[in-house]
Amino acid sequence: MIDKEISTLGQAVADVADGATVMIGGFGEAGSPIELIHALIDQGATDLTVVNNNAGSGEVGLAALLKAGRVAKLICSFPRTAGSSVFPDLYRSGRISLELVPQGSLAERIRAGGAGIPAFYTPTTVGTPLEEGKERRTFGGRDYVLEHGLTADFALIKCLRADRYGNLVYNKTARNFGPVMATAAATTIVQAADIVEAGELDPEAVVTPGIFVDRVVKVENPAHESELIARGETYP
Amino acid sequence: MIDKEISTLGQAVADVADGATVMIGGFGEAGSPIELIHALIDQGATDLTVVNNNAGSGEVGLAALLKAGRVAKLICSFPRTAGSSVFPDLYRSGRISLELVPQGSLAERIRAGGAGIPAFYTPTTVGTPLEEGKERRTFGGRDYVLEHGLTADFALIKCLRADRYGNLVYNKTARNFGPVMATAAATTIVQAADIVEAGELDPEAVVTPGIFVDRVVKVENPAHESELIARGETYP
Amino acid sequence: MTSTDRSIGWSREEMAERAALDIPGGSYVNLGIGIPEKVAKCVPTDREVVYHTENGLLGMGPSPTSEHGDPELINAGKRQVTAIPGAAYFHHADSFVMIRGGHIDICILGAMQVSRTGDLANWSTGDPDAVPAVGGAMDLVAGVRTVYVITQHCTKDGRPKLVEACSYPLTGRAVVKRIYTDLAVIDIGTGGFQLVELAPGIGFEYVRERTDANLVPMGG
Amino acid sequence: MTSTDRSIGWSREEMAERAALDIPGGSYVNLGIGIPEKVAKCVPTDREVVYHTENGLLGMGPSPTSEHGDPELINAGKRQVTAIPGAAYFHHADSFVMIRGGHIDICILGAMQVSRTGDLANWSTGDPDAVPAVGGAMDLVAGVRTVYVITQHCTKDGRPKLVEACSYPLTGRAVVKRIYTDLAVIDIGTGGFQLVELAPGIGFEYVRERTDANLVPMGG
């Protein structure tokens with residue numbers, strides 16, 4: 001029987017190797033898989049390339065992973081967050097490299113990576129400094145730049161409910177990058193607040209079909225970044 | 001108040017002009033908007049370019065539109081259907097032109113058209129006769145061909161339920177090309193078996209957000225192609 | 001440099017109100033962080049407008065009451081919002097299909113600089129020590145049909161934001177259609193900055209002195 | 001031309017049964033129209049396999065009983081099917097993300113010809129009078145990790161389908177990994193067609209005579 005449930009967070013992230021590329025879901029705190037990120041900190045993998053829309057807040061979750069010195073490179077659209085100095089400090093002191101990608105190009109590059117599309121053209125960044133190094137081409141009288149698909153070794157994703165096949169549904173705007181990242185990683189690891197019986201998720205409403213998911217671990221009451229920060233928590 | 005409901009099928013398709021490009025949802029009979037197609041036949045527009053995965057069955061729906069001589073060109077992946085000679089007859093006698101596109105490239109070209117992506121690379125067709133005329137390019141040691149986004153003047157789509165904003169949910173595998181076609185047409189016209197109050201569709205389960213939909217017309221008991229054919233019906 | 005007295009001209013709320021008048025009923029609208037966010041409250045109540053936020057929601061409603069917030073229901077500025085009946089959630093790639101694909105009718109953004117040809121700079125001062133962050137701004141200006149800007153006419157230290165050519169790194173080229181400042185409503189016209197409307201008590205010369213490129217008078 | 005006696009070798013059902021043995025539990029599988037469709041019934045019951053159909057369903061179940069069919073729940077061959085508990089529906093672009101993106105583990109297709117280098121021809125005879133139709137076959141062979149073919153070893157009029165080079169228009173180049181015929185199981189090996197297994201009562205020479213390219217014996 002197919003059953004993608006894994007008992008512990010530690011087991012779920014055990015094989016993330018040094019140097020791996022890891023996509024991490026979330027837009028700000030919404031959808032951030034804090035418990036999986038903390039398990040990755042405990043696991044010790046370093047020299048990571050992380051793909052996330054932001055750079056974390058406070059000193060928990062993604063910001064804690066950065067602060068622990070585990071991330072060599074961040075691929076990101078908006079690495080500036082109120083109330084966190086972790087990324088700015090690393091960036092200014094040259095201890096992390098940044099690939100800045102517009103949010104829509106980031107989402108589409110991840111989708112392309114998961115869809116077997118090596119490259120596509122987009123109007124975004126034409127005529128701006130972020131066009132630098134990209135091929136420009138005209139279609140129908142308008143200029144576009146070539147962007148490449150993005151894949152990863154692992155994706156860490158938070159969802160609301162999963163079943164044993166790895167079918168997922170999300171909560172509100174916590175969906176954000178999760179569904180595309182699930183398609184683009186060789187191994188997709190999901191934390192779900194609830195794991196239900198096969199057939200309990202409406203097949204018309206499944207957002208991520210199980211084919212894109214490798215491991216599901218139950219995290220019944222996931223933390224919210226803002227609440228941890230409000231309580232003054234840091235990790236580890 | 002935003003209300004995209006249109007009273008009659010005739011009003012819904014009234015402005016389809018001669019020479020228009022019309023995407024028509026459906027994979028075989030599943031999702032085929034037969035009532036909208038029949039309204040388009042009554043309306044009289046001709047010299048159309050039609051985008052559909054197939055070429056219709058019997059002499060109803062899409063096959064009837066073809067038989068009526070309204071379609072100059074079909075963009076299609078599989079124009080061969082058991083029990084219909086309409087398209088083969090037109091094709092062999094040179095009265096219709098065919099652009100044959102692999103099914104996945106067709107779906108992705110339509111998505112790209114709706115997504116503002118003018119072109120993308122795909123491995124599909126490399127080394128085959130359908131590569132002819134396409135640019136080939138190597139990424140990461142593998143060959144790909146360039147495919148262009150596809151847009152349309154109109155899309156005719158069938159769904160299960162809609163609301164006044166044009167949010168849509170579909171029935172099972174009748175979903176197929178509907179959601180991507182809705183994004184790629186300047187005007188998207190939908191037949192819905194039911195129109196419900198705003199808020200009755202679960203926002204987590206909406207498949208086509210209303211932004212992609214222009215007109216919704218209620219067709220409470222839509223016909224199934226196979227049943228019309230079994231009864232020996234033709235249109236008009 | 002000519003200083004601007006912020007006690008005259010339109011207030012931030014009035015700028016939002018003025019912009020709101022230009023949003024037709026039935027529009028799909030994306031509002032940037034800051035003054036643009038205020039526009040939603042100002043749209044005349046007889047016009048129904050649907051708000052999009054690029055982090056995956058169409059049909060965004062106002063801020064929640066304190067007890068009804070959900071940290072997973074936020075806007076692009078990462079503030080808690082609500083969803084209206086008839087809303088839809090979707091993932092980020094689908095959200096930017098709406099933006100890049102030209103499905104959003106209007107977006108209203110803040111600006112550091114706007115050039116007379118409609119170039120927009122609103123993401124970076126180019127300071128090498130600053131952390132660069134672009135978010136969805138470049139996608140919005142590249143994809144949304146009509147891009148409006150709401151901004152103070154001058155910076156806090158009195159430098160014009162409406163310029164001949166942007167000195168800051170661009171967000172997009174020739175993308176802005178209209179600018180709402182504390183002093184005036186100004187279109188990007190064929191002849192440059194085209195004055196459309198002056199704030200009460202503000203004269204043409206006052207605006208022209210604070211604009212670093214040709215300003216065409218109304219009817220000009 | 002050497003005729004093939006269809007009363008010997010594996011039947012269509014036995015070919016499907018043999019192919020089914022090579023599908024590991026936990027696989028995501030897409031089955032083509034014809035003999036490949038039969039494979040689903042033959043997978044050993046202790047292995048759970050998830051079936052994908054490119055028209056938008058993961059978790060496809062068997063044909064419905066006559067009274068439970070839905071004309072809007074069909075497979076790629078446009079025949080009515082069912083959905084298992086744990087199934088998911090999606091649109092066509094998402095369905096081909098699964099295919100093109102390499103997420104489907106195995107697809108099993110029919111063939112008109114297979115070359116010794118794994119080229120597949122299965123969509124057109126090239127007859128200019130025939131209506132060309134390709135469907136999803138080119139996407140499947142370009143995207144699915146492991147492509148198997150089930151086919152009669154020869155055409156009805158006795159011509160070999162396993163050939164040095166395909167004369168029919170290709171579906172894809174160097175895509176087939178293994179072929180299940182009525183006579184044998186044959187891999188695409190570095191030396192050409194590599195015999196893996198003979199059907200009961202079939203000898204190597206019998207297969208070689210009916211193969212239009214070098215056939216490497218087992219262990220060869």
Inter-residue atom distance C:S95.OG - A:R175.CZ, 0.5 Å rounding: 11.0 Å
Contact check, side chains of C:R100 and A:T122, non-hydrogen atoms, under 4.5 Å: yes
Interatomic spacing from CZ in A:R111 to CG in C:D94 - rounded to 0.5 Å: 8.0 Å
Choice from C:T53, C:D70, C:V97 maximising heavy atom contacts with chain A below 4.5 Å: C:D70
Heavy-atom side-chain contact between A:N54 and C:K78 under 4.5 Å: yes
Close side-chain approach of A:Q103 and C:H92, heavy atoms under 4.5 Å: yes
Option in A:G26, A:S32, A:A107, A:P102 with maximal non-hydrogen atom pairs under 4.5 Å from chain C: A:P102
Under 4.5 Å from a heavy atom of chain C, the part of A:F87 involved: side chain
Which of A:S105, A:P129, A:G28 touches chain C most, by non-hydrogen pairs under 4.5 Å: A:P129
For chain A, the option from C:G136, C:P169, C:P132, C:G56 that forms the most heavy-atom pairs under 4.5 Å: C:P132
Min side-chain heavy-atom separation A:V126-C:M138 under 4.5 Å: no
Side chain A:T128, main chain C:G172, donor-acceptor under 3.5 Å: no
pair A:N176-C:F90: side-chain heavy atoms closer than 4.5 Å: no
Atom group of A:E227 that falls short of 4.5 Å from chain C, counting heavy atoms: side chain
Smallest separation among heavy atoms of A:F78 and C:G135, with atom names: CD1-N, 3.5 Å
Salt bridge flag under 4.0 Å for residues A:K158 and C:E72: yes
Side-chain heavy atoms of A:V101 within contact of C:V134, under 4.5 Å: no
